[in-house]
Amino acid sequence: MKLASVVSFEIVPTPPYDFELTIHKPAGWSLFSNYEVYQRGTMWTATSLVDTLAGVKLVSRGTVERPRITAKLFLKENPTRDKAKELRKTLVHDIGADEDLNDFYAMAKEDDILRLTLDDLYGMHNTMQSTVFPDAALSVLLQMAPMKRSGEMMDCFIKRYGDAAEFDGRKIWAWPRPERVARARPEEMAKACKLGYRAKRIVQMAKAIDEHGFPTMRELETMSADEAKAKLLELPGIGDYSADIVNPHGGFPIDVWSADVFGLLFFGREPENGREAVEKIKAEGLRRWGKWSWMAFYYVVQDLKNLSRKLNVKLRLS
DNA sequence: GCGTCCAGGTCTACC
DNA sequence: GGTAGACCTGGACGC
């Protein structure tokens, strides 16, 4: 889809804000799309903002302590003034520009594990999608598969069912929207992208969102953390782990891989059976970090190489 | 070359 | 309410 209408504005994030660490994360997590492009302080990506497909170009103009970002949104049609305002507000929130890291850093400086990440990741903010479906679908594609295969499933799913945003000389595929996936045939999806049993779950999830409606991330944020999680658990294919990935309040999403990482950090050794150890390790993370559990998880998994060196241990990389 | 196991979970039938 | 077993697929491993 060609996106020719352009809305430009400047964002002044809450410092410290490291553009590169936040927008192009060390562990390789995408900001909005697996197909986004990052080159020397500029990100081209695509996403659904306020139910509108948007090509997004972000250019860093400042420093960590005095951050400035020039943002351009590429849309199909000219937005109304109110819509443009809403798009801007949503993007600012989604790239973590309105997030204040000071309270988290005050806690992290006193923590034996987190304080080791602060030099490496100083100014890295949390980011999120504005709608639930991308992260929810992603979490289903992470289930019961090695990362390489999950990546292949995601790439195929996005290209086959997502929209291509054509803007600024780029063509970037955005995560599929639920209304389109809800109309897909699970058998066809399973065969085309080798999703196996996950295809049925993703289509059921898309139908649940499209046909019955579902809160946006902003709406989930207005609920309590437990209420938001309970709402997420209503979606087909979303269990405890996936809900903790999607929940905008954050959680402590321990799976077989992260059980090895946090088992080693908390108890000095990887568990013999990761699946059986998940509950114990999750409980320890929540006990230790409480409301900061998600930020702690985020900072640790983005810094595994450095942590391995500093602690002289072999943390499993993602 | 072939069989088995298992990977960044969730759901369901059964007790 | 608690839990064993099933679920797609493909790479790793042992033989």
Side-chain angles (χ1 to χ4, degrees), chain A residues 25-30 34 129 132-161 175 181 184-209 214 229-247 250-266 269-286 293-294 296-305 307-308 314-318:
Chain A
K25 302 178 197 310
W29 295 7
S30 302
N34 291 30
Q129 302 258 13
V132 165
F133 188 65
D135 283 348
L138 178 147
S139 71
V140 171
L141 297 180
L142 286 174
Q143 293 168 10
M144 286 294 285
M147 270 309 287
K148 180 172 176 286
R149 184 156 176 254
S150 288
E152 289 166 356
M153 289 190 282
M154 282 181 219
D155 288 349
C156 177
F157 176 65
I158 292 171
K159 267 201 171 176
R160 197 171 181 91
Y161 300 97
W175 270 89
V181 176
R185 288 176 45 237
E187 314 81 55
E188 191 272 341
M189 183 184 291
K191 191 175 176 187
C193 294
K194 297 175 182 173
L195 260 57
Y197 69 92
R198 301 172 194 81
K200 195 174 170 186
R201 289 187 184 169
I202 284 184
V203 172
Q204 285 177 336
M205 181 200 296
K207 282 183 177 170
I209 292 172
F214 199 81
K229 183 162 181 175
K231 192 72 193 168
L232 288 164
L233 287 170
E234 291 176 9
L235 289 174
I238 296 296
D240 186 75
Y241 164 76
S242 300
D244 278 353
I245 288 183
V246 182
N247 194 342
F252 199 60
I254 295 300
D255 52 25
V256 171
W257 161 68
S258 51
D260 281 352
V261 170
F262 287 93
L264 193 50
L265 290 174
F266 291 158
R269 60 185 171 83
E270 292 182 355
E272 286 181 19
N273 185 322
R275 212 170 285 282
E276 288 177 3
V278 163
E279 209 164 309
K280 179 184 170 191
I281 291 167
K282 179 165 183 154
E284 174 59 15
L286 292 171
S293 294
W294 167 255
F297 179 92
Y298 179 49
Y299 264 61
V300 167
V301 300
Q302 296 295 333
D303 202 34
L304 292 176
K305 272 189 188 171
L307 277 176
S308 293
K314 264 195 168 179
L315 295 167
R316 262 183 71 191
L317 302 180
S318 55

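In this text the structure is predicted, and so the values were computed from the model without any measurement. Here is how names work: the chains are called A, B, and so on, in the same order as the sequence lines, proteins then strands, and each is numbered from 1. Heavy-atom basis, side chains included; hydrogens, waters and symmetry copies ignored.
Note: CZ (A/Arg198) to C1' (B/dC11) measures 14 Å, nearest angstrom. Following rounding to the nearest Å, A/Phe157 (CZ) and C/dT9 (C1') show an atom-to-atom distance of 17 Å. Between A/Asp260 atom CG and B/dA7 atom C1' the separation is 12 Å, expressed in whole Å. As a whole-Å value, the separation of A/Gln143 CD from B/dG9 C1' is 5 Å. Distance, A/Glu187 CD to C/dC8 P: 11 Å, rounded to whole Å. Distance CE (A/Met153) to P (C/dG11): 12 Å, rounded to an integer number of Å. Spacing between atom CD1 of A/Ile202 and atom C1' of B/dG9 amounts to 13 Å, rounded to whole angstrom units. Atom pair A/Gln204:CD and B/dC11:C1' shows a separation of 10 Å (rounding to whole Å applied).
Residues A/Val278 and A/Tyr241 have side chains not in contact (no heavy-atom distance under 4.5 Å, counting atoms from C-beta outward). Looking only at side-chain heavy atoms (C-beta outward), A/Trp257 and A/Met147 stay at 4.5 Å or farther from each other.
Contact between the side-chain N/O atoms of A/Lys148 and the OP1/OP2 oxygens of C/dG10 is not found at any separation under 4.0 Å. Between A/Arg316 and B/dG8 there is a side-chain N or O to OP1 or OP2 distance below 4.0 Å.
Using a cutoff of 4.0 Å between basic side-chain nitrogens and carboxylate oxygens, A/Lys191 and A/Glu187 are not scored as salt-bridged.
Of all nucleotides listed (B/dT10, C/dG10, B/dA7), B/dA7 comes nearest to the side chain of A/Met144. Ranking C/dT9, B/dG8, B/dT10 by closeness to the A/Trp257 side chain, first place goes to B/dG8. In this structure, the nucleotide among B/dC11, B/dG8, C/dT9 sitting nearest to the side chain of A/Arg149 is C/dT9.
As judged by a 4.0 angstrom heavy-atom cut-off over every strand, A/Pro236 is placed among residues touching the sugar-phosphate backbone only. Contact annotation for A/Ser242: backbone-only contact, meaning every heavy-atom pair under 4.0 Å involves sugar-phosphate atoms and none involves a base. Residue A/Asp240 is in sugar-phosphate contact alone, with no base atom involved, counting any heavy-atom pair closer than 4.0 Å across all strands shown. Note on A/Ile254: nothing from the nucleic acid sits closer than 4.0 angstrom, heavy atoms only.
For A/Phe297 and A/Phe262, the ring centers are positioned less than 6.0 Å apart.
Checked by atom type and distance alone, the side chain of A/Ser308 never pairs as donor or acceptor with a backbone atom of A/Lys314 at under 3.5 Å. Between the side chain of A/Glu234 and the main chain of A/Ala208, no donor-acceptor pair closer than 3.5 Å is present.
Taking the P atoms as reference points, B/dT10 lies 22 Å from C/dG10, given to the whole Å. Comparing B/dC5 with C/dG5, their C1' atoms are spaced 16 Å from each other, to the whole Å. For the P atoms, the distance from B/dT4 to C/dA6 is 15 Å, rounded to whole Å.
Within 3.5 Å, a donor on the side chain of A/Arg275 pairs with an acceptor on the base of B/dG9, or the reverse.
In this structure, C/dC8 forms no base pair with any nucleotide, since neither Watson-Crick nor G-U wobble geometry is met with both distances under 3.5 Å.
In terms of position on DNA chain B, the residue among A/Leu233 and A/Ser258 whose nearest nucleotide sits closer to the 5' end is A/Ser258.
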